[in-house]
Amino acid sequence: MALAPENFTLANYHAHTTRCQHARGTEEEYVLQAIETGFEILGFADHSAWPYRSDFVANMRMRLDELDGYVETVRALKEKYAGRIRIHLGMECEAFPEFYPWLREIRAKMGFDYFILGNHYDTNDETGGFYFGRCANHAQIRRYMETTIAGMESGLFLYLAHPDLFLYRYPAFDAEAKRVCRALCEAALRLDMPLEYNLLGHRRNPGARSQGYVGYTSREFWEVAAETGNRAIIGVDAHAPEDLDAGCAETYRRVRGMLQGMGVEVLDVMDSVERTR
């Protein structure tokens, strides 16, 4: 049953598909669940395919030969459910500079509504790049900071997804971690780029904390964001249709209130996407 509105638009720009190899459910099942819950906007942002230089096949993103099918499926759902929910076509992409020209090309050619920056791997996973969710020392979190800010500065991305991912397995919120948080937040403010409060990380955080890590989503990060004056967008990061259920909507409402209580401005929708729909 759809939840009663509370003077905000229930929207999510961050949902995945089975093509990423770690999500389940059909795209239409996500759409139907979102409608049932009361979402007005659903954006698919599956992990980007990449035109790798070799025959490398990643284990956490769609293959290049699946890209056309992804675009066609989301477009068909957008048309089928017009008037019931607004559906958008996006992708979640790494900060891989060598592929930026390709991203610009397919955005124009295939009609993507947006890309979001989800910086999981250093340099390129084709060459065995380090996974930033396993950062454990100062050099690694500084590398996350440097590559992420460079990606933000590319002008390709709508917002920064899970900006605090680097804290997931980081042992303590030390002075260097705070410096990295501040640098990310200041770059986002300078570039007028929203930061995503990620509900998948929100669900994972208690487990990380219980094991002695800072975890993400990290209240420490969002305290820095509040001090810096950043704007937030809440992303479900849905990997199954039930991630968009009534429980998700209730978590969304509580997180929205928490961020506002900290002094963080929360965006309900991304105006630049909605204006061009």
Can you say whether the rings of His88 and Tyr114 are parallel (under 30°), tilted (30 to 60°) or perpendicular (over 60°)?
perpendicular
Would you please classify the geometry between the Phe8 ring and the Tyr252 ring as parallel, tilted or perpendicular, with 30° and 60° separating the classes?
parallel
Please tell me whether Phe132 and Tyr144 form a close aromatic pair, meaning their ring centres lie under 6.0 Å apart.
yes
Parallel, tilted or perpendicular: which fits the ring planes of Phe157 and Tyr100, with parallel below 30° and perpendicular above 60°?
perpendicular
Do Asn119 and Thr148 have side-chain atoms, one donor and one acceptor, less than 3.5 Å apart?
yes
Decide yes or no for Ile149 and Arg190: does some side-chain heavy atom of the first lie under 4.5 Å from some side-chain heavy atom of the second?
yes
Measure the shortest side-chain to side-chain distance between Phe44 and Val31 over non-hydrogen atoms and say whether it is less than 4.5 angstrom.
yes
Stepwise salt bridge (Lys or Arg N to Asp or Glu O under 4.0 Å) test for Arg61 and Glu66:
CA-CA 10 Å; Arg61 67 179 83 255; Glu66 295 177 305; over 6 Å; no
Any pair with a residue in residues 225-247 that passes ring pair (Phe, Tyr, Trp, His ring centres under 6.0 Å), sequence neighbours left out, goes on the list, sorted by first then second residue, please.
His16-His239, His22-His239
Check whether the side chains of Glu196 and Tyr159 place a donor and an acceptor atom closer than 3.5 Å, and report yes or no.
yes
Between Asp46 and Thr17, is any side-chain donor less than 3.5 angstrom from a side-chain acceptor?
yes
Between Asp174 and Arg179 (salt bridge meaning N to carboxylate O under 4.0 Å), is one present in this structure?
no
Using side-chain heavy atoms (C-beta onward) and a distance below 4.5 Å, is Val57 in contact with Tyr52?
no
Will you find, in the side chains of Asp245 and Gln33, an N or O donor that is under 3.5 Å from an N or O acceptor?
no
Hey, are Tyr170 and Gln140 close enough side-chain-wise for a donor-acceptor pair under 3.5 Å?
no
Quick check: does any side chain N or O of Glu29 sit under 3.5 Å from a backbone N or O of Thr26, one acting as donor and the other as acceptor?
yes
